[in-house]
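Every chain is numbered from 1, with letters handed out A, B, ... down the list of sequences.
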Number of protein chains: 4
Amino acid sequence: MKRSPLSPADYHVRDLSLAEWGRKELTIAEHEMPGLMATRKKYGPLKPLAGVRITGSLHMTVQTAVLVETLAELGADLRWASCNIFSTQDHAAAAVVVGPPQAGGSPDEPRGVPVFAFKGETLEEYWEMTLKALSFPGEGDTGEGSASPASGPQLIVDDGGDATLLLHKGVQMEAGDAWVEGPAESYEEGVIKALLKRVHQEDSGFFRRLVSQWCGVSEETTTGVHRLYRMAQEGTLLVPAINVNDSVTKSKFDNLYGCRESLIDGIKRGTDVMIAGKVAVVCGYGDVGKGCAQSLRNQGARVIVTEIDPICALQASMEGYEVKRLETVLSRGDIFVTTTGNRDIITLEHLQGMKDQAIVANIGHFDNEIQVERLNASSGVVRENIKPQVDKYTWEDGQDDAGNTIKAHSIYLLSEGRLVNLGNATGHPSFVMSNSFTNQVLAQLDLWNHREDYKPGVRVLDKLLDEEVARLHLDKLGVELTRLTPEQAEYIGVSPTGPFKPEAYRY
Amino acid sequence: MKRSPLSPADYHVRDLSLAEWGRKELTIAEHEMPGLMATRKKYGPLKPLAGVRITGSLHMTVQTAVLVETLAELGADLRWASCNIFSTQDHAAAAVVVGPPQAGGSPDEPRGVPVFAFKGETLEEYWEMTLKALSFPGEGDTGEGSASPASGPQLIVDDGGDATLLLHKGVQMEAGDAWVEGPAESYEEGVIKALLKRVHQEDSGFFRRLVSQWCGVSEETTTGVHRLYRMAQEGTLLVPAINVNDSVTKSKFDNLYGCRESLIDGIKRGTDVMIAGKVAVVCGYGDVGKGCAQSLRNQGARVIVTEIDPICALQASMEGYEVKRLETVLSRGDIFVTTTGNRDIITLEHLQGMKDQAIVANIGHFDNEIQVERLNASSGVVRENIKPQVDKYTWEDGQDDAGNTIKAHSIYLLSEGRLVNLGNATGHPSFVMSNSFTNQVLAQLDLWNHREDYKPGVRVLDKLLDEEVARLHLDKLGVELTRLTPEQAEYIGVSPTGPFKPEAYRY
Amino acid sequence: MKRSPLSPADYHVRDLSLAEWGRKELTIAEHEMPGLMATRKKYGPLKPLAGVRITGSLHMTVQTAVLVETLAELGADLRWASCNIFSTQDHAAAAVVVGPPQAGGSPDEPRGVPVFAFKGETLEEYWEMTLKALSFPGEGDTGEGSASPASGPQLIVDDGGDATLLLHKGVQMEAGDAWVEGPAESYEEGVIKALLKRVHQEDSGFFRRLVSQWCGVSEETTTGVHRLYRMAQEGTLLVPAINVNDSVTKSKFDNLYGCRESLIDGIKRGTDVMIAGKVAVVCGYGDVGKGCAQSLRNQGARVIVTEIDPICALQASMEGYEVKRLETVLSRGDIFVTTTGNRDIITLEHLQGMKDQAIVANIGHFDNEIQVERLNASSGVVRENIKPQVDKYTWEDGQDDAGNTIKAHSIYLLSEGRLVNLGNATGHPSFVMSNSFTNQVLAQLDLWNHREDYKPGVRVLDKLLDEEVARLHLDKLGVELTRLTPEQAEYIGVSPTGPFKPEAYRY
Amino acid sequence: MKRSPLSPADYHVRDLSLAEWGRKELTIAEHEMPGLMATRKKYGPLKPLAGVRITGSLHMTVQTAVLVETLAELGADLRWASCNIFSTQDHAAAAVVVGPPQAGGSPDEPRGVPVFAFKGETLEEYWEMTLKALSFPGEGDTGEGSASPASGPQLIVDDGGDATLLLHKGVQMEAGDAWVEGPAESYEEGVIKALLKRVHQEDSGFFRRLVSQWCGVSEETTTGVHRLYRMAQEGTLLVPAINVNDSVTKSKFDNLYGCRESLIDGIKRGTDVMIAGKVAVVCGYGDVGKGCAQSLRNQGARVIVTEIDPICALQASMEGYEVKRLETVLSRGDIFVTTTGNRDIITLEHLQGMKDQAIVANIGHFDNEIQVERLNASSGVVRENIKPQVDKYTWEDGQDDAGNTIKAHSIYLLSEGRLVNLGNATGHPSFVMSNSFTNQVLAQLDLWNHREDYKPGVRVLDKLLDEEVARLHLDKLGVELTRLTPEQAEYIGVSPTGPFKPEAYRY
């Protein structure tokens, strides 16, 4: 495929000269992502996504770069933003913009995929770039006469749902919804509202046009999926959505095995602290929490779990973890990690009551798992930046506004409360992301193939596809799979080629 | 509750004098079964099962004894058999027959629950006693004039589905089905057919009468549940069934955490072998396989997994297990364990090709996971009994009928291929069984309460009940559960009191 | 070797008919004890211990049986007692007495080695039988004219030092030492003194005669070795001693890897309790404690360690264990295990303060790690035997003599405070014992070969022998050992054939 | 202590402006190094090392900075170099040069300790700077009339023995030894010889003068200690040496627990590779190998161990690792790590035979564990630098000079074969280094206090000091230490205050 040079308006990355290093890392990552490479091999020649406009809103890492180029190989017309202000790897972003080397192409001319992402964006920049990734150049399907307005995506690859959110909020605004005029519940919400209002002033039909050919979205996080189900229940979801998160090869792999490696990695790169001998408090014992707890224990920490769900609490207990409420263990914990996808897990009061030198990090989803905004706004605490993504907050002896006694102490907050594995390290390793991203590619194909018949709503991928994703990763590990005899298949009532388990099976 | 003396026809146990020891063990087990004890406390005074005839077909262990007496406390009229020829603990069986001490009762007079079970039954005895447990004395609802024919159960507590199978096969026979006349596929099938035919000769309406008031069955194994779904699909299922196996607090607890403790226990009591340094081959990586693999590794074995399902295979690989086909590792394995619920996992040919002194055990479900019948029928192998439930099979150098070369070697087969944890040890520990059995009790109550409206078919318990089962076990472990704030509950869209997860959540 | 029938005076075991089962188990164990079998193969034909009188005082298990028969194969004239009242496996004892099958021998005539041991001896029987094992029939080297007095051993294989103690105390008594007349510090000490006095009355030169040809002892426990060093320091040690305990292939193998398997085994056979979710308190973090803590955690317990040594305490902490004083955790622990080799680790007051239903066991050395004598003598507690080696002790609400409040509760004591792995299970598995026992055999050979030149004192085996013991066990595990090149050996300054480490190396 | 400004000749670091960041990190590290801080508190006021000239040759990391400033606090006059070309953390080096903030001092004027180190030195620079660190300004004790020649150190803190080596080789050269004239066995040896010759030409009595007041060296690595013992045996060792490596709180802590955390950290920062599912080959199963194997397994790798010592091989096997020769597993390994302290563990031929994309790293001691020089000199392989400390080597299909077939493949070499944890990450975490470095400080004090009576030779620190080092780290971890009663101490024959174990105890 011959690619054309990008115009400077079509990307916003830190430094294109990082592309050379990025291309090397991509080559390495490709060896670790057999699912994506097999997908390229199988579908690349067929170009099933030829010309399909796809927007991605997903951490712009080396692994994502392999995903982006896989979708490009399948023919897609892509624009990409990150879904987190700290998670971009600048060399990966640059590498995608420059693109794979091509015969006859000038080596330093960007001929790859438009990317809008750099490490350490402001929130204003973040949402602006999300919008740019959603706005394809050229003739939008409008009769309104504006010169060459933007087209929107036909498909979205989403992580956390920010791209989906922006489109929905924009369309609702244009339909007269008053949300955008209401007070902002957080600083970030204010940024979104300001952006929407600005666009509205410029072009009051912008978002309706942007979604006019939108056929679907695939979403890979618990949080984003939760938003989708809620919109579906409320009847506000505009398009069919595929819940990639609940593919077994996603939720039981990248959440669990990914975090098992990347949490420790983020903590180490951020703090170099010894884990052995420490008391680590893991808030939440879902798949993410299970991975985190296991890796902290395996490095010699004593792990205490907090949980709301009695079943998960009993699981934690059966694995030998102490299960307590956070209030009970503030003075014992050396390391605190939130893994929940919920909000206000660690409050300002919790932070104020912690042991001196405690390390605090979030690997759940949004930064509101920890009350960072309240922390930063609190008058009694001094913030000192140690190095990028590592801040020290210090309290003197005193009282907070509610009259609680505060003992002099400091804590370290990693990645400003955003995902520690992406902010302080490089996210999940390639191999596990190959599973997640192969699901994303299969979901995009499925959405496109069924663009005529799928209705707005949330569905999961077929179990046979889930098994296929796993199967594509076995050779690399030297796995020999056993095959059922016809008698055995008959005995347990399945086909010898799968799917092998009932839908409700929990793995 | 005042209990009457049992007639000698109402029980068949090894030795009533073991009851004293059994009663002591029951008292100990009650402390470890907080779910059942809480259920007694809550429902005991209400007697919601007053007079309801319940047949249990479930390993007659100390833990089961606590279940039986819990159902008795709720008012039920019970009869019990084991569901495995080796799994009965004779002192537990005796203790149940004698019953709890009662004021004014003679201490050595059996006033408990009828039990038909002893360790080491023949298959003929086993099925005979299953039938007895299904046959309640007194007036069956018949107009056929026979003197005091048996009544059948109103509810069944099943494990593996043997009681349910017998009733269905009996009714089908009486409806003219020819299965009973066909050739037996195994020795055990022959035993069942012979029994059915004998009953039929004596009383051709026996089974119809027995099922005439049957309202439901709760089943707790993968295998038994699989049979139920199949019957439901085929339209032959006679009653509503509750799949207790797929309660999270069952499948993810007793299968996983139970086996993690009881597999090693069975192997040790059977063989005293050192696990460290050995190569252990675990066939199947479902919940049972996961628990088995973990415990073998934790004792210092290198574990190799065999799998048919690519997802489970990838899970095994991510946990650091080698995944191979059984044929590939016959000469490397020191210990082989089947955990699948499928048949013919270890064939006669596999056994013939194993390393000298290999230990072979099954913890899946039926003994047909290992081809024990073919082994025993094979002419080239000599069987020597070492002690109860431990047999040595020895081959000399030679060839089998298919011309395969056999090298001189011996293997040790535990529990004749039946469940090694129950045959060689005492099954799962009380605490984890308290989870499974509390599900059973809740399922019995649910079936009885909905006897009017449930239709034949298979259902699972409500997630709220599942969470309740877990909750009842937390105090004993000192767990502090965190409570969602209303804002948090709203944010993730659940009630602060649960259920906390969507149906498809995998834990 | 043709063996003669034993006279009934030459053994005291439970039941000779158990020998058939025992012989089968011996055959199995031989496959798991490659070190001993290699030693038989190498030295058997040479009979280097031909006619040497050896007394063993060592748990009479199946593994010990293989040791005994290995020494017999090397030519020794043996007599054996157990070193613990509960540790004998009656079928193993019987098997040793009957001996290996021999051509032309009557199968049921005892032609093996004299053994004095059965499971559940009283302390009186225990010391009586230790004496019998020390007393060889025939002409002792005496001029005192008594008819056919006993000869003593030329070598002793000791475990815990009871045989050595008895001989030393006897000789000291005969030399006029007044210890035997003083008050007994424990019940057992009283038993020993009574025995010594009785012998003294009958024959005032008995012990001097018994030790007259004694050339040495090899001892394999921390406790026994400690006694030996103390005697050597005090100048009272009569013979050269080899400290087998401090061979790496002993202390770092059977203490660590043996206990890792046998502790859980003992607890399970004794109580069937679920380990997962429990809080286990391990007193002591030496090699035994390390193995115990690891296995309890691996089964899902939270482990708390108590320690006196700051280095071991720091090790425990680095492995993620909480380290506390016992007093602090009495109300949290569900399982308490002593592993120290010291006394009064768990006092009566500790027992009184424990959580209801706590399980208490010792795997250290003597039963005085737990204050069992004080417990049994305490007026406020009721003892109930549940089954052999499992006793329940119950306190009502009240106060002890010192005025401490006691809350109503029960505890379970395993094996009356004696070694739980031998009392409730079958001790360490064969493979690890093959390491320990190969050291014992090599030590016996070394003592015999150097009987002329070794002086009284304590020595360890040469590191090259230690490495040899390890080497003999590698093939069975499929280990490939790498060989140093001459350049590499030169570079690190060792011989390519070992020893590979300096003396102080800690492994 | 008022400190004077340093002259620019007294340091060579990358960038003094990094000092601000470095000072922040030092403050954090001090909280994690309780042993050093307690030493400062106890000895700081006494200044026991007042004016003592100490040269350090030890990785110039943040942790080392805390050590350096601890020695400064005790009064020492220090000069410091790194002992590895990649291990310097530039911000730590700058921070030490700038020194702690002082009242009245200008904040940006260097008033700290002279340091000669930066990350990525050439070998020439490295040895030059080692020499500078050994050369104190001012009047050396010479009568030769040169203007203000250098003084040498009175004490050396060594890691690997390079400073000690340089002094010994220099003195030997001045005494007429011909080594310096011989051919160099490696590139690095050539660099050393060139340096020595250059110095010799300038000043033929330089080294004799430098060692004239040298009183001792403390050394903390297996490799360096081995060199010292060899020199002691050969009678060439010039001074008393303390073997800090064999303090339990060193070898069993930083080797084991340090590597357990820092190996993974180095691999992750270098490659971001997923560990789970990979096959990792660990060459050597000493303390370093034990830590490495454990952490790789804990992250989900299957670990294969290579060993020369049958005891360590058996240990590996008991822990469930496969033990093979390297040749056997070249095509199975994804990650290869050398941990031995020996040379030529991974040869060029091994590298040529590895699986495609294998990762190769050394955490043993010198880079000659892997044949990097041969690799770089090999004509058939292409080297590509991916990023600092990560190189890719690629072979095409072909043959090597010996005619061995080579299959096309690439491998990744980390840190050019030097210590991966220091080259690719930041070395061991502070807490464990606090143990090692507290030993170093105690050793320096001991050497100084005994400068009159210690003879040349190698000694270890007293066990009581070893226990004290551990004790100083317990509070930070919340450890409660149990205290022996007098009766217990008497029973096991130790003092209630320690030492608690015999010398040979292995922990």
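Side-chain contact annotation: A/Q389 with A/E416, donor-acceptor N/O pair under 3.5 Å absent. For the residue pair A/K250 and A/N435, no side-chain donor N or O sits within less than 3.5 Å of a side-chain acceptor on the partner. A side-chain donor-acceptor contact under 3.5 Å links A/H473 and A/S434. With no hydrogens or angles considered, a side-chain donor-acceptor pair links D/S430 and D/Q63 at under 3.5 Å.
Looking at D/R383 and D/D391, a side-chain N of the basic residue comes within less than 4.0 Å of a carboxylate O on the acidic one, giving a salt bridge.
Within the 4.5 angstrom heavy-atom criterion, only side-chain atoms of D/E384, from C-beta onward, approach chain A. Of the two parts of D/D265, only the side chain, counted from C-beta on, holds a non-hydrogen atom closer than 4.5 Å to a non-hydrogen atom of chain A. The contact between D/E32 and chain A is made entirely by side chain atoms (from C-beta outward), counting heavy-atom distances below 4.5 Å. Looking at D/Q357, the atoms closer than 4.5 Å to chain A (heavy atoms on both sides) all sit in the side chain, from C-beta outward. Using a 4.5 Å cut-off between heavy atoms, D/D334 does not touch chain A at all. Looking at D/R297, there are no atoms closer than 4.5 Å to chain A (heavy atoms on both sides), in backbone or side chain. For D/K24, the part sitting under 4.5 Å from any heavy atom of chain A is the side chain, from C-beta outward, and nothing else. In this structure, the portion of A/E25 lying under 4.5 Å from any heavy atom of chain D is its side chain and not its backbone.
The minimum heavy-atom distance linking A/I411 with A/W395 is given by the pair CG1-CZ3, 3.6 Å.
Note: D/E261 leads D/E20, D/R260, D/K476, D/E261 in heavy-atom pairs under 4.5 Å with chain A.
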